[in-house]
Asks: 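Quick one: this structure, given as structure tokens, is what I'll be asking you about.
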Protein chains: 2
Amino acid sequence: MPDATAKKKPSRIQRRNRRVILDAALDVFSSYGFRGATLDQIATEAGLSKPNILYYFSGKEEIHTTLLSQLMETWLDPLVELDALGDPRTELLDYVQRKLDMARDLPRESRLFAGEILRGAPHMGPRLQSDLKPLFDEKCAVIAAWMDAGKIARMDPRHLIFSIWSTTQHYADFAPQVALLLEGDAEQHQQASDHLRLMFSTLLTPAAPEQ
Amino acid sequence: MPDATAKKKPSRIQRRNRRVILDAALDVFSSYGFRGATLDQIATEAGLSKPNILYYFSGKEEIHTTLLSQLMETWLDPLVELDALGDPRTELLDYVQRKLDMARDLPRESRLFAGEILRGAPHMGPRLQSDLKPLFDEKCAVIAAWMDAGKIARMDPRHLIFSIWSTTQHYADFAPQVALLLEGDAEQHQQASDHLRLMFSTLLTPAAPEQ
DNA sequence: GTAAATTTTTACCATTTGGTAAATCCACGA
DNA sequence: TCGTGGATTTACCAAATGGTAAAAATTTAC
């Protein structure tokens, strides 16, 4: 007896078109926000007709929600990789680097996320609670343990993470401003990487315990 | 012979209603973005009718532009106050504090600004170029001079400023996320202040030159 | 107090937008 | 090759939205 709720596995066309639509939607939503984006824009960008898009998704909101759901995993991944058993300094500095690389490689995703939080997370509140919160608490505990062991300087782990998030994502979310102020500088990413490495490296170094 | 382009000074009613409209618009634009905001929302929030609002402003865009223009001055003020003649450490740490206080006291303004940049600064590009850029360059030179004099640790002043902007504004722009992750913590602002003071204090301290 | 100017309301309008119904097209297995 | 179910298009629609015209109400100047 087949499960009444079972979904048939999607056809090749289904998979391709859903992917195309989501990619177009990422472009449009990240550029104009949820309310600013229109189905016509997404349809044009995807090379499909509007009703055809609504054949694959029940509505504008479902596209947006699907995008945010998929994004969440990617977004949290760098933090997931933070290893309690690794060297504290290396782990944290590598985390900064991964987040910065993500800002460069996935700016659309960064802006989509930023826009959603900026508007009060109307479509993502529950997911933040269920996915982000436990992970955040867990990693804060790891960092706190490292501090207790004297491996890195003592501070509030939560605000340390906020500082890592904000400084790295700034390069994606405020890219037009950064580009204007750094005008023509081709080495942007390397500069940012060097700066953040210096900053967090200095910050994490525990005050010399000797003497 | 009176100047044909001269504007009569606005009446009491004019001043009051323009102020009421801009305040309502700040609420709505900062919550929903330019495209997401509607004139009806602004009108309701302001307690006026939609056509009445259009008596004071030529359209939705003019309200938004006016808001951004007014905001720019407020926004740049903390940086303007950075005094080349003051003590470098104190000046920079005070700057961080002023920006953090602004994130707490003017979250709507912070979100309005963030949203505009996030969408590629469609209504603010020229102002960034004309107002922000020169100020930024000037203060970068000041900071560079401090570094040359060995008063603070050497680093890229431009990325230092980015780090100050991002870490402080994060508390306004990502407030829902911060609130969720810090849940119920009443001391948020003081914690953030302490953390950022520690962070930038450590960062700016020049490596001991002796030995 | 009254006329002129300013302010506000009422009644609209054209366009855009998210979404639907139904007809048509087309890929694919028998 | 033909029929069937999935995929796509055409032709719509109702609501929302930015904006306007002109009448009505109110304030201001004399």
Side-chain angles (χ1 to χ4, degrees), chain A residues 2 4 6-68 115-116 119 122-123, chain B residues 2 4 6-68 115-116 119 122-123:
Chain A
K7 284 145 195 159
K8 287 185 175 177
K9 74 173 177 183
S11 69
R12 239 188 348 277
I13 294 177
Q14 291 252 3
R15 274 199 306 276
R16 178 177 53 85
N17 281 351
R18 282 184 67 98
R19 197 166 37 74
V20 166
I21 291 168
L22 288 173
D23 188 68
L26 179 56
D27 258 23
V28 177
F29 281 134
S30 68
S31 293
Y32 301 95
F34 177 71
R35 293 216 46 189
T38 71
L39 284 177
D40 289 288
Q41 270 179 298
I42 295 171
T44 301
E45 188 79 16
L48 298 171
S49 67
K50 183 168 62 176
N52 200 8
I53 283 192
L54 292 168
Y55 173 75
Y56 291 101
F57 292 91
S58 68
K60 185 182 175 182
E61 196 155 336
E62 200 207 325
I63 302 177
H64 194 243
T65 305
T66 304
L67 227 36
L68 287 173
E116 171 69 8
R119 305 289 166 241
H123 295 140
Chain B
K7 285 146 194 157
K8 288 183 174 177
K9 74 174 177 184
S11 68
R12 233 181 1 271
I13 294 177
Q14 290 252 4
R15 275 199 305 278
R16 177 175 54 84
N17 280 351
R18 281 184 68 98
R19 197 167 38 74
V20 165
I21 291 168
L22 287 173
D23 188 68
L26 178 56
D27 257 22
V28 177
F29 281 134
S30 69
S31 293
Y32 300 95
F34 177 70
R35 294 214 46 189
T38 71
L39 284 178
D40 289 288
Q41 271 179 297
I42 296 172
T44 301
E45 188 77 18
L48 298 171
S49 67
K50 183 167 61 174
N52 201 5
I53 282 190
L54 292 168
Y55 173 75
Y56 290 100
F57 292 92
S58 69
K60 186 181 173 181
E61 195 154 337
E62 201 207 323
I63 302 177
H64 194 241
T65 304
T66 303
L67 227 36
L68 287 173
E116 171 69 7
R119 305 291 168 238
H123 296 139

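Being a predicted model, the structure only gives us computed values, none of them experimental. Values reported hereafter were calculated over all heavy atoms of this structure, with side chains retained and with hydrogens, waters and symmetry mates removed.
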Asks: Does the R35(A) side chain pair with the main chain of G33(B), one donor and one acceptor, at a distance under 3.5 Å?
Replies: no

Asks: What nucleotide, of dT20(C), dT20(D), dG18(C), holds the atom closest to the side chain of L54(B)?
Replies: dT20(D)

Asks: If you find the nucleotide of DNA chain D closest to L39(B) and the one closest to Y55(A), which residue's nucleotide is nearer the 5' end?
Replies: Y55(A)

Asks: Would you indicate, yes or no, if dT9(C) has its OP1 or OP2 atom less than 4.0 angstrom from a side-chain nitrogen or oxygen of N52(B)?
Replies: yes

Asks: Can you tell me if the side-chain N/O atoms of S49(A) get under 4.0 Å from OP1 or OP2 in dT8(D)?
Replies: no

Asks: State whether Q14(A) places a side-chain N or O below 4.0 Å from either non-bridging phosphate oxygen (OP1 or OP2) of dG6(D).
Replies: no

Asks: Reckon R15(B) has a side-chain N or O less than 4.0 Å from the OP1 or OP2 of dT7(C)?
Replies: no

Asks: Nearest to the side chain of P51(B), which nucleotide is it out of dA21(D), dA7(D), dG18(C)?
Replies: dA21(D)

Asks: What is the distance from CD of Q41(A) to C1' of dT16(C), rounded to the nearest Å?
Replies: 12 Å

Asks: K50(A) has an atom NZ; how far is it from atom C1' of dA11(D), in whole Å?
Replies: 12 Å

Asks: Within the 4.5 Å heavy-atom criterion, are Y32(B) and T38(B) side-chain neighbours or not?
Replies: no

Asks: When you measure from the side chain of Y56(A), which nucleotide among dT20(D), dT8(D), dG19(C) comes out closest?
Replies: dT8(D)

Asks: Once you round it to whole Å, what is the distance between C1' of dT16(C) and OH of Y32(A)?
Replies: 16 Å

Asks: Identify which one of L67(A), I63(A), I42(A) satisfies the side chain to side chain contact (heavy atoms under 4.5 Å, CB included) criterion when paired with L26(A).
Replies: L67(A)

Asks: Please work out which of the three classes, parallel, tilted or perpendicular, describes the rings of F29(B) and F34(B), given edges at 30° and 60°.
Replies: parallel

Asks: Mapping N17(B) and R35(B) onto DNA chain C by nearest heavy atom, which one lands closer to the 5' end?
Replies: N17(B)

